[in-house]
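What follows is a set of notes on a single structure, which appears directly below.
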Amino acid sequence: MEISDENFRVWAEQNEVYFDGVFRLAGPDAYAPIYSLISGLLHGGHKQVTFNLTGLEFLNSSGINLLAKLTIEARKMDDLLLVVKGTHQYPWQAKSLPNLKKLHPLLDLRLA
């Protein structure tokens, strides 16, 4: 399944969800389809789920809240390893993504 518009694209392949572009959606309701897509992946019986953010140029505060909410949801699943891939290419990622580890200390954060 894929969700996209002219500014962004998010899609899942097996146990990895990819984010690409610029996310400036208006609030939690606008992010609801993305939440549903990823929540389904988290509850899909995988041992590991990866959020690949390396193509995500910008994410507004509502989008960061979405990542936090999904991270907390993953934390509740004892047998699931959550991997977050980011990049130093976009400064917001190096600043914001380490905060996800405060919500889920076992999260595997990979900033390249």
Side-chain angles (χ1 to χ4, degrees):
M1 180 175 184
E2 178 179 316
I3 300 169
S4 65
D5 76 2
E6 68 269 5
N7 297 316
F8 74 86
R9 181 175 161 215
V10 59
W11 72 100
E13 293 180 10
Q14 297 182 7
N15 65 336
E16 189 161 352
V17 60
Y18 297 86
F19 297 77
D20 193 47
V22 175
F23 284 69
R24 296 181 196 271
L25 300 178
D29 291 342
Y31 280 100
I34 297 170
Y35 175 82
S36 180
L37 169 71
I38 299 170
S39 181
L41 190 65
L42 291 175
H43 293 279
H46 303 285
K47 295 288 183 196
Q48 175 181 318
V49 170
T50 301
F51 296 169
N52 189 328
L53 307 173
T54 56
L56 187 55
E57 297 175 38
F58 177 81
L59 185 65
N60 65 5
S61 60
S62 293
I64 291 173
N65 286 338
L66 170 77
L67 288 180
K69 190 173 174 181
L70 290 164
T71 298
I72 291 169
E73 191 168 326
R75 182 184 66 198
K76 295 176 183 174
M77 304 171 72
D78 293 335
D79 58 343
L80 177 68
L81 173 62
L82 180 60
V83 176
V84 176
K85 294 180 180 176
T87 177
H88 289 285
Q89 180 180 357
Y90 306 119
W92 75 267
Q93 291 192 14
K95 180 179 177 185
S96 298
L97 295 181
N99 291 328
L100 296 177
K101 286 192 70 70
K102 295 177 183 173
L103 301 172
H104 187 355
L106 299 178
L107 179 148
D108 183 0
L109 178 60
R110 301 176 186 175
L111 288 172

For Arg110, what residues pass the side-chain hydrogen bond (donor to acceptor under 3.5 Å, both in side chains) criterion, not counting sequence neighbours?
Asp108
Find out whether [X] and [Y] are in side-chain contact, i.e. whether some heavy atom of one side chain is under 4.5 Å from a heavy atom of the other.
X     : Y     : result
Gln89 : Glu57 : no
Val83 : Asn52 : no
Arg9  : Glu2  : yes

Joint cluster assignment, [X] & [Y], ILVMFWY side-chain distance < 4.5 Å:
X     : Y     : value
Val49 : Tyr35 : yes
Leu41 : Trp11 : no
Leu70 : Leu81 : no
Tyr31 : Phe58 : no
Ile3  : Leu66 : yes

Full working for side-chain contact (heavy atoms from CB on, under 4.5 Å) between Leu25 and Ile34:
CA-CA 11 Å; Leu25 300 178; Ile34 297 170; 3.9 Å; yes
Do the rings of Phe51 and Phe19 sit parallel, tilted or perpendicular, given the 30° and 60° boundaries?
perpendicular
Hey, could you give me the CG/CG distance between Leu59 and Leu53, rounded to the nearest 0.5 Å?
8.0 Å
Positive for side-chain contact (heavy atoms from CB on, under 4.5 Å) with Leu100, one of Leu82, Leu109, Leu107
Leu107
Distance-minimising heavy-atom pair for Ser62 and Gly27:
OG-CA, 3.5 Å
Kindly give the heavy-atom pair with the smallest separation between Gln93 and Pro98, and that separation in Å.
O-CD, 3.6 Å
I would like to know whether Met77 and Leu42 meet side-chain contact (heavy atoms from CB on, under 4.5 Å); could you show each step before the answer?
CA-CA 9 Å; Met77 304 171 72; Leu42 291 175; 4.2 Å; yes
Begin with the C-alpha distance, continue with both residues' side-chain angles, and end with the deciding distance and a verdict on side-chain contact (heavy atoms from CB on, under 4.5 Å) for Val84 and Leu97.
CA-CA 8 Å; Val84 176; Leu97 295 181; 4.3 Å; yes
Does atom CD of Gln14 have more than 12 heavy-atom neighbours, drawn from other residues, nucleotides or ligands, at distances under 6.0 Å?
no
Those residues at least two apart in sequence (or on a different chain) that pass ring-ring contact (aromatic ring centres under 6.0 Å, His included) with Tyr90 are none
Hey, is the main chain of Leu67 close enough, under 3.5 Å, to the side chain of Thr71 for a donor-acceptor pair?
yes
